[in-house]
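Since the structure is predicted, the reported quantities are computational estimates derived from the model, not experimental observations.
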Amino acid sequence: MKRGSRDSQGRSRAYEPVGVKRRAWLTLGAVVVGGAGVVSYDVVSPEGGAGTFDARAGRPAEVRELPLTGDGHNRRVLARTDTEPFSLLGVSWTGASTALDGTAQVRTRSGGTGAWSAWRTLEPGAGRGASEPLWVGPSDGVEARVMAAGGSSRAGLPKGLKVDLVDPGVTATEHRSPNASGTDNRAENPVNVAFTVDGPPTDPADSPATAPTPLASTVTRPPIVSRARWGADESTVTGTPEYLDKISAVFVHHTGGTNSYSCADSPALIRALTAYDVEGGLGDLGANFVVDKCGRIYEGRAGGTDVSVRGAHTPGFDDDSVGVAVLGDFEGTAKPSRAALESVARLAAWKLGQYGGDPTGTVTLTASEDTGTYAKDEQATLDVISGGKDATTTLSPGANLYADLAEVRRYAASPGRNSAIPTADYNGDGTADLVAATPKPSSGSITLVPGGVSAPVSSSKVQLTQSSTGVPGASESGDQWGAATAWGDINGDGYADLAIGAPGEDDTTGHADRGAVTILYGPSFTAGADTMALGDDYNPNSARFGATVAVGDFNADGRADVFTAATGTGGNWAARFNDGHEVAGDITTVTGSLAYADATSGDFNRDGYADVALNYRDASGVSKVVWFKGSRSLGLTKVATLTVKGGRAIAAGDVDGNGYDDIVIGQPYTSESGGSAGGQVTMLPGTSTGFTTTGMTTIHQGTADVEGASESSDAFGASVSVGDVDADGYADVLTGAPNEDITRAGMNRANAGSVWLLKATSAGLTGKGSLALSQDSPNIAGSTETDDKFGSAVSLTDVTGDGCADLLIGAEGEDTGNGTILYVPSVNGTPTTTKSTYYGLAQLATATAARLGQSLTP
């Protein structure tokens, strides 16, 4: 017997319709900064009296209604109207079963710039008297029009047409973006300020006493952000949760609206969607879970994540299924991110694993009501993982997400469904965070710079050394703590953790430079640290264990693992797994010390297990790349030394967009490049059987459309990073040539340095559309100087959470060796130098002559 049911209006009987909750009205009192913005407000009570409001104390979500009236021209309109602040809107009308036979369009005014948007069409909602909601960001003006189909008289439009404006509110501990002065508006503690990612629920509010006993799943539970953490206002939810006897299907939807949000704004967006669904009579958020473009999973409808909560997402089939909504609109040109697709698959596999469901199978369900696609009591044979449009009259999940459901099913049935979600977000605020390590010339230190919706937030930096609270060991000269760093969720709690190599660490028995790896756990880094040390089976003398590190879920068990290499005699490698065991072996049989070790992780053969590619140069001067393959039983094993030459730097990502991670090798000198005097980068594709030279591409300064000329010792390829700048599904490459000479004002500036952004296509890397930058480029402050070494390190990372990788460029020689980092944001997918800024000694307070910019992670 199914415990879920609907009333005649298509509403869940356990949730009574709710009217508009009238709260204190807000008047815009300051400029909104950027697309997502920080707004300060003055409170105006409904009676008009002014009050005070402390945004840090929180502000509840609110829905306001504005009626649409006839204009005598066969339509209903709302003239341009100043409003209280809102970030999401929709059009609704009387009668949940009444369809809108026409077109609803809106335009809004930005609260920050005062500019009006273009007209945007609202998609019809499914099974409710409302459109799909549209996220517009902080706004303070609206205009709307609804035209009947075919221009018929307005009598053909439903009654009660109105615009619903939603202010998502602010939670007391919510991460806020930097304001115009660059300072941070978050809580006092700069580390643990964001919402928490839950493990299995222990809060009684997450698992009511009436809920069924959670069933064990055959699939690892992914980290899920709880309702409490994203700021759900439980006082607005009506009724009590209902539960199903079984989940037989997963329906995937999109939320519609916009794709230009930052993942830092996902909680606010979800609060707004919840308020809109409550106002629409659903009693709570309709979807059981929500996934954003960064792959973060959020608890949706209340009642508990581990149990079979009945949602309100797919009319006619809510009695048998779970609903997953992806934040974004995928009906037009926008495509869902790989991170979102994989998290939808992880989530679907976990829920189906509780009930024996096959992610690649089909199921026959009976429609509980007329859905527009199936009549009441009609049987429907559907994919176990289906789109909303398979079951009812809706465009959801949009054409592009719908086309990717085959990949979601494949991934949900693969070992990857158990793997840890890749992350570089240590404080859980939805943006990737930067590690700037300064391992030389002293004992070593690292500076963590949190991402932000407008830029990295230097005022919230966290500096760590081996003298910091909770960090093992002691700061000693020559340790080189931070010579290698890597992010990943090592303990499976949803926060990024940090692996830190210190190849110069001495042991306590007289072995110099034995080396070690420190593992620190986010978000605080102050407790529970672990240390990896070289095993007793290997020669400890000058082993330099920790010369490079990489993090990935090599055995796909839901927690990331740590790989490291020792460059001492013969060279060794080791991998540590979360259950405490390690595997290790020799890198090469060639005797002598290794050099230029650099490792990266990715799923190169698409089997669901993370692999490692290790670059090094052996004692004979030959540079090589070794592939280590992940697996469930063995964890990580050495597979082969590739035929392609190694270099000095290596990075991984899906460059050609075919689902297999590829590697990009920086080969800065002739001995490695095989001919290009100034260096090159080589992209080597991954395949189901490993790497292939078929489709391999090589780019240098002699390649067509690449600016400059290949000159001896330029060191093009000395640093490389991979990331998707324009969110087109192809991972681009940023590479540095720190030894590039630049002539300015008639004088040669030796080793001034330059970087190149190389675009990716389905055929691999190309010179077409490449972008060269130096400190003499237009709109970049400063100027080239001898030995600046601009491009000494590079990072192509989405530090704003908008889905587009930003450019971070180290110049370790700047300011007589103090060093600096240049940040160039990708605005709507375009690197924008007019918004570039430096993070140097003044912003990050590093030691003088620390050569900031020598190492960047990710």
Side-chain angles (χ1 to χ4, degrees), residues 4-7 9-26 58-66 84-97 122 124-136 160-171 205-206 208 225-242 253 255-257 266-290 298-304 309-315 318 323 325 327 396:
S5 59
R6 287 179 176 267
D7 64 17
Q9 296 299 310
R11 301 187 180 102
S12 169
R13 287 178 179 163
Y15 289 86
E16 294 299 326
V18 61
V20 180
K21 296 190 73 67
R22 301 296 179 187
R23 301 189 186 275
W25 285 65
L26 304 175
R59 184 181 79 251
E62 179 184 4
V63 183
R64 295 184 286 274
E65 300 173 347
L66 297 175
E84 308 304 329
F86 67 96
S87 293
L88 179 143
L89 80 168
V91 169
S92 62
W93 53 89
T94 303
S97 60
L122 301 177
R128 55 190 292 187
S131 71
E132 295 288 358
L134 176 68
W135 177 263
V136 293
L161 275 164
K162 63 183 185 299
V163 177
D164 298 309
L165 305 176
V166 185
D167 171 12
V170 177
T171 64
D206 290 336
V225 180
S226 73
R227 288 172 61 88
R229 303 307 187 253
W230 57 254
D233 184 353
E234 304 297 2
S235 69
T236 66
V237 175
T238 61
T240 57
E242 299 176 4
H253 296 268
T255 59
S266 296
L269 210 166
I270 295 169
R271 290 196 300 272
L273 291 169
T274 301
Y276 187 72
D277 280 359
V278 169
E279 171 66 11
L282 299 184
D284 192 4
L285 184 64
N288 297 99
F289 298 94
V290 180
Y298 296 82
E299 179 183 10
R301 201 169 184 84
V309 177
R310 183 185 189 279
H313 47 83
T314 312
D318 290 335
L327 292 179
S396 184

*Any side-chain heavy-atom pair from Arg271 and Thr171 closer than 4.5 angstrom?*
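Yes, at least one pair of side-chain atoms sits under 4.5 Å.
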Minimal non-hydrogen separation, [X] against [Y], with atom names:
{"X": "His253", "Y": "Thr314", "result": "NE2-OG1, 2.8 Å"}
{"X": "Leu273", "Y": "Pro133", "result": "CD2-CG, 3.3 Å"}
{"X": "Gly90", "Y": "Tyr276", "result": "CA-OH, 3.4 Å"}
{"X": "Pro60", "Y": "Asp233", "result": "CB-OD2, 3.9 Å"}
{"X": "Asp284", "Y": "Ala302", "result": "OD2-N, 2.9 Å"}
{"X": "Pro85", "Y": "Asp167", "result": "O-CB, 3.6 Å"}

Inter-residue atom distance [X].[atom1] - [Y].[atom2], 0.5 Å rounding:
{"X": "Asp318", "Y": "His313", "atom1": "CG", "atom2": "NE2", "value": "4.5 Å"}
{"X": "Leu327", "Y": "Trp135", "atom1": "CG", "atom2": "CH2", "value": "9.5 Å"}
{"X": "Glu299", "Y": "Arg229", "atom1": "CD", "atom2": "CZ", "value": "10.5 Å"}
{"X": "Leu161", "Y": "Leu66", "atom1": "CG", "atom2": "CG", "value": "13.0 Å"}
{"X": "Leu88", "Y": "Thr274", "atom1": "CG", "atom2": "OG1", "value": "10.0 Å"}
{"X": "Trp93", "Y": "Lys162", "atom1": "CH2", "atom2": "NZ", "value": "9.5 Å"}

*Phe86 and side-chain contact (heavy atoms from CB on, under 4.5 Å): which partner among Asp164, Val63, Val136, Val163?*
Val136
Under 3.5 Å, side chain of [X] to main-chain N/O of [Y], donor-acceptor pair present?
{"X": "Ser87", "Y": "Pro168", "value": "no"}
{"X": "Arg301", "Y": "Ala287", "value": "no"}
{"X": "Asp277", "Y": "Gly286", "value": "yes"}

*Quick one: list whatever passes side chain to side chain contact (heavy atoms under 4.5 Å, CB included) with Ala232, sequence neighbours left out.*
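Partners of Ala232 under the side chain to side chain contact (heavy atoms under 4.5 Å, CB included) test: Arg227, Trp230, Glu234.
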